[in-house]
Amino acid sequence: MADTSPILLWFRRDLRLSDHPALTAAVKTGRSIVPVFLRDGLLDDLGAAPKWRLGLGVGCLAEALQDKGSRLILRSGDALEQLTQLIDETGAGAVYWMRAYDPQSVERDTKVKETLKEQGVEARSFAGHLMFEPWTVETKQGGFYKVYTPFWNAVKTRDVAEPLAAPGEIKAPGRWPDSETLDDWRLGAAMDRGADVVRPFVQLGEQAAQARLGAFMASKVADYNDARDIPGTDGTSCLSENLSLGEITPQQCWHAGLRAREEGKPGAETFLKELVWREFAYHLMWHTPRLLTDNWREDWEAFPWNEDERKAEVKAWKQGRTGIQFVDAGLREMYVTGRMHNRARMIVASYLTKHLMCHWKIGMQWFEDCLIDWDPASNAMGWQWSAGSGPDATPYFRVFNPVTQLDRFDKDRAYVQRWLGKPGAKLTGDAARYFDAIPKSWNMEPDDHYPEPVVNADEGRKRALEAYENRDF
DNA sequence: TCGCGGTTGAT
DNA sequence: TCAACCGCG
């Protein structure tokens, strides 16, 4: 007799109903489905903004499930214990989920799968957070890729799974288990600046993500090659926010990008390459999890990084008052919006790791606390790329000049004026919003005159290069 | 997905 | 005088 027991659908960073292989497989069995989201230790450890944004996403998913006559059951505690408890309560005979790739999730999920199987419960994980499973991309020598371009060449012509439609119906169980409430979880509690500051910049959920993708392909992609580098314009897709929580899949983006390329849109190929950068970051994290925690090139351990977070220069950097306009604009943008333009990310990272000679981990952690598009693999890879300690990284001696970058990428000063205000004028708009957002303890007032550089562009460059030349590796 | 200081060579 | 180019960190 066919198994008719319910299936637990364990949602994690896959907050969508379309192109969801685990959900599709569960629906296909004809069995009832109990969607569940768990607040475990890994969730508690998230940075302030990512945790808050995750909560919004979970709420949105719960509504989408309700529209399908289903629900999202919320529980707190150790994942295995909670799943076991729910299996007891619902009589579920299976748990399905979408695979994660960061080492902590892998460790947790491996143990969950093992234990459930021992207990006779079917435990299935599905691919879909990535287009290419990290272990399927190999060099001719059988190793993993450490350089982006060969990685791109290895995957660019692969078939990418066609996105799945959202299920029409999600069969409810006879009786629903109890659920905690999102409000009780207080996932925004660590947001010093208050969630209301960032909320207007959020594009929440699956529908919004699809709208973003549509808008990008309808117009922005044509100009993407150039516009994506100009932080004063709206030239990027902004999909990182939704990709990060699985509100949209890379497969959905990929196929849209392929269509745009066939239509001859010039920026489409670049967009596809950006999606593959995300894959590459996961590939590296999978094969070398130390990407998240240590210098990927081990000899960089010997470099005299400043690791003291309390240093005045570090504070100035975080608080957007280094006195370097491009740097401060980027950091203020991040604090207010929970995002930062990629050009600015490279510049603030170069300034922190080179001019200020600070360890990239300090920057990585600040980003982790502030970004609503935070992604463990991309964040770590990006920082190690900038610092020069990563695979396929920019060499340490490649120092961005944050002043000349302004002339190249913010010619009309639209970006720095948006975040720092116009010279001599009263602060308005987002420049003013920043001062409403920051904590009192930062001791910054709108009337303060703009600071002198904590380390100016030329001297910082010189100092960094000297340290590099004197390195003993 | 860089920047600088230097050289070259046209004007 | 200066744009273009080169070599190197």
Could you pull out the protein-nucleic contacts involving nucleotides 3-6 of chain B (nitrogen or oxygen on both sides, under 3.5 Å)?
from: B/dG3; atom 1: OP1; to: A/N401; atom 2: N; distance (Å): 3.3
from: B/dG3; atom 1: OP1; to: A/Q405; atom 2: NE2; distance (Å): 3.1
from: B/dG3; atom 1: OP2; to: A/R408; atom 2: NH1; distance (Å): 2.4
from: B/dG3; atom 1: O4'; to: A/R461; atom 2: NH1; distance (Å): 3.4
from: B/dC4; atom 1: OP1; to: A/N401; atom 2: ND2; distance (Å): 2.8

Report the distance from atom CZ of A/R345 to atom C1' of B/dC2, rounded to the nearest whole Å.
20 Å
In this structure, how many angstroms lie between the P atom of C/dG9 and the CZ atom of A/F303, rounded?
15 Å
Separation of atom CG in A/L406 from atom C1' in B/dC2, rounded to whole Å:
16 Å
Going by side-chain contact (heavy atoms from CB on, under 4.5 Å), name the residues that satisfy it together with A/A227, two or more places apart in sequence or in a different chain.
A/D223, A/T233
Interatomic distance, A/Y468 OH vs B/dC2 P [rounded to whole Å]
17 Å
Results of salt bridge (charged side-chain N to carboxylate O under 4.0 Å, His left out) for A/K318 - residues two or more places apart only:
A/E309
Can you name the salt bridge (charged side-chain N to carboxylate O under 4.0 Å, His left out) partners of A/D369, sequence neighbours left out?
none
Measure from CZ on A/R398 to C1' on C/dC8 and round the result to the nearest Å.
13 Å
Sorted by chain and number, sequence neighbours left out, salt bridge (charged side-chain N to carboxylate O under 4.0 Å, His left out) with A/D373 holds for A/R345
Applying salt bridge (charged side-chain N to carboxylate O under 4.0 Å, His left out) to A/K361 and not counting sequence neighbours gives none
A/W385 CH2 to B/dT1 P, straight-line distance once rounded to whole Å:
9 Å
Which of these passes side-chain hydrogen bond (donor to acceptor under 3.5 Å, both in side chains) with A/E333: A/Y434, A/W419, A/Y415?
A/Y415
